[in-house]
Amino acid sequence: MDGERLILFDIDGTLLRTQGAGMAAMIEALSRLFPAQRFSFDSIPVAGRLDTLIWRDLAERHGIPDEPSVHARFRATYAECLRAKLDSAPGSTRVMPGVPVLLDALRGRPGVHLGLLTGNYSETGTLKIRHSGLDHTLFKVNAWAEDGESRRALPPVAIRRFHEQHGRPMDPERVVIIGDTPHDVDCALATGCRVLGVATGEFPRDTLAEHGAHMALNALDDTGAVVEWLLNSSH
């Protein structure tokens, strides 16, 4: 279909913020599995990174064997802890400015396909979306932490899944990644995608622009301008 676009949103810091519930749930999960130890994120970077890589750093720092069976137990326990934390604090997940209106403006628009490209595990990312009140069914083409060894591996996964779902390829130049960290910018540029950087996470707009974002905004709250750029920008 001529003029099609695939728009991929990051979750944390871009669509929403869970006010630290994710990191707290990871620490709780580790404490449940290894109660004799104390855990922290000291010196471990989190923003924009895959949960699989964060797990590896946590395991290495605290002397936990990074084995598939141990990782699987951590992942399942983390999901249980995150669900409990989110359920115990209704309304604690904050949707970023402009996001609901933007999603409504893109919903059902001919040729526009929405998805997620995120460092979250699929189950915990979905938990966050649902808890925020956003409609998780809007996002049809998704790439998650478990889908690649690095964030750069995720855009090709999303593009492949679009092809599998629709039976036709999607040119990377017609893919837009929206994210709040330099990692989002980097993975888009590495694949030849467009990238919109939004400063609702830890990084200011100028930093995202310096890393190469084709457009950088303080927030996604100017719906008309954002939609115009998403649908009409090109290399």
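All figures in this text were calculated on a predicted structure; none of them were measured in a lab. Every heavy atom of this structure was used, including side-chain atoms; hydrogens, water molecules and symmetry mates were not. Residue indices begin at 1 and follow the sequence shown.
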Open item on the list: The test is side chain to side chain contact (heavy atoms under 4.5 Å, CB included); show your working for Asn142 and Thr126 and say whether it passes.
Closed with: CA-CA 11 Å; Asn142 305 317; Thr126 301; over 6 Å; no
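- Side chain to side chain, Asp180 and Thr200 fail the donor-acceptor criterion of an N or O pair below 3.5 Å.
- Sorted pairs that involve residues 11-31 and meet ring-ring contact (aromatic ring centres under 6.0 Å, His included), not counting sequence neighbours, are lacking altogether.
- Of the possible donor and acceptor atoms, none in the side chain of Asp66 sits under 3.5 Å from a partner among the backbone N and O of Arg56.
- Partners of Asn120 under the side chain to side chain donor-acceptor pair (under 3.5 Å) rule, at least two apart in sequence or in another chain, are Asp12, Thr118, Lys128.
- Closest approach of Leu86 and Ala21 over heavy atoms only: CD2-CB, 4.1 Å.
- A chain of hydrophobic side-chain contacts below 4.5 Å, direct or via other Ile, Leu, Val, Met, Phe, Trp or Tyr residues, connects Leu114 to Val227.
- The salt bridge (charged side-chain N to carboxylate O under 4.0 Å, His left out) check on Glu202 picks up nothing, with sequence neighbours excluded.
- A donor-acceptor distance shorter than 3.5 angstrom exists from the side chain of Arg109 to the backbone of Ala105, with no hydrogens or angles considered.
- Under the rule for a side chain to side chain donor-acceptor pair (under 3.5 Å), the partners of Asp57 that lie at least two apart in sequence or sit in another chain are Arg49.
- With sequence neighbours left out, Asp206 forms a salt bridge (charged side-chain N to carboxylate O under 4.0 Å, His left out) with no residue at all.
- Between the side chain of Arg151 and the backbone N or O of Asp186 there is no donor-acceptor pair closer than 3.5 Å.
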Task: side chain to side chain contact (heavy atoms under 4.5 Å, CB included) between Glu4 and Asp171, worked out - done: CA-CA 9 Å; Glu4 280 188 306; Asp171 189 327; over 6 Å; no
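- Interatomic distance, Arg17 CZ to Ser132 OG, rounded to the nearest 0.5 Å: 14.5 Å.
- Every residue two or more places apart in sequence or in another chain was checked for a side chain to side chain donor-acceptor pair (under 3.5 Å) with Gln19, and none qualifies.
- Judged as a side chain to side chain contact (heavy atoms under 4.5 Å, CB included), and not counting sequence neighbours, the contacts of Val99 are Leu15, Val95, Met96, Leu103, Leu134, Leu220.
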TODO: Go through the steps to decide whether Leu154 and Cys187 satisfy the test side chain to side chain contact (heavy atoms under 4.5 Å, CB included), and finish with yes or no.
DONE: CA-CA 8 Å; Leu154 299 189; Cys187 79; 5.9 Å; no
TODO: Please report the C-alpha distance between Arg107 and Leu138 in whole Å, then the side-chain angles of each, then the deciding distance to 0.1 Å, and finally whether the side chain to side chain contact (heavy atoms under 4.5 Å, CB included) criterion is met.
DONE: CA-CA 7 Å; Arg107 180 195 303 263; Leu138 287 175; 3.5 Å; yes
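- A donor-acceptor contact shorter than 3.5 Å is absent between the side chain of Glu28 and the backbone of Lys85.
- The salt bridge (charged side-chain N to carboxylate O under 4.0 Å, His left out) check on Glu123 picks up Arg75, with sequence neighbours excluded.
- Residue pairs that meet the ring-ring contact (aromatic ring centres under 6.0 Å, His included) test with at least one member in residues 137-171, sequence neighbours left out, are His113-Phe162, His113-His166, Phe162-His166.
- In Glu60, the CD atom is not crowded: 12 or fewer heavy atoms of neighbouring residues, nucleotides or ligands sit closer than 6.0 Å.
- Residue pairs satisfying the side-chain hydrogen bond (donor to acceptor under 3.5 Å, both in side chains) criterion with at least one member in residues 86-95, sequence neighbours excluded, are listed as follows: Thr93-His131.
- Annotation: ring-ring contact (aromatic ring centres under 6.0 Å, His included) contacts involving residues 37-60, sequence neighbours excluded, comprise Phe39-His62, Trp55-His71, Trp55-Phe74.
- Linking ILVMFWY residues whenever their side-chain heavy atoms come closer than 4.5 Å, directly or via other members, leaves Val195 and Ile11 in distinct clusters.
- Note on Leu189: it does not cluster hydrophobically with Leu230, by side-chain heavy-atom contacts below 4.5 Å among ILVMFWY residues.
- Qualifying side chain to side chain donor-acceptor pair (under 3.5 Å) partners for Glu67, counting only residues two or more places apart in sequence or in other chains: none.
- Salt bridge annotation for Glu164-Arg160: present, with a cationic side-chain nitrogen under 4.0 angstrom from a carboxylate oxygen.
- The backbone N or O of Cys193 sits nowhere less than 3.5 Å from a side-chain atom of Thr191 that would complete a donor-acceptor pair.
- Between Leu8 atom CG and Leu196 atom CG the span is 12.5 Å, to the nearest 0.5 Å.
- Met170 and Phe9 fall into different hydrophobic clusters, defined by Ile, Leu, Val, Met, Phe, Trp and Tyr side-chain heavy atoms under 4.5 Å apart, directly or through other members.
- Connection of Leu16 to Ile178 is established within a shared hydrophobic cluster, with ILVMFWY side chains joined at heavy-atom distances below 4.5 Å, either directly or through further cluster members.
- Here the CG atom belonging to Leu117 is positioned 9.0 Å from the CG atom belonging to Asp147, to the nearest 0.5 angstrom.
- Interatomic distance, CG of Leu82 versus OG1 of Thr124, reported as 6.5 Å (0.5 Å rounding).
- Counting heavy atoms from C-beta outward, Pro182 and Glu210 have side chains that stay 4.5 Å or more apart.
- Within 6.0 Å of CZ in Arg161 there are more than 12 heavy atoms belonging to other residues, nucleotides or ligands.
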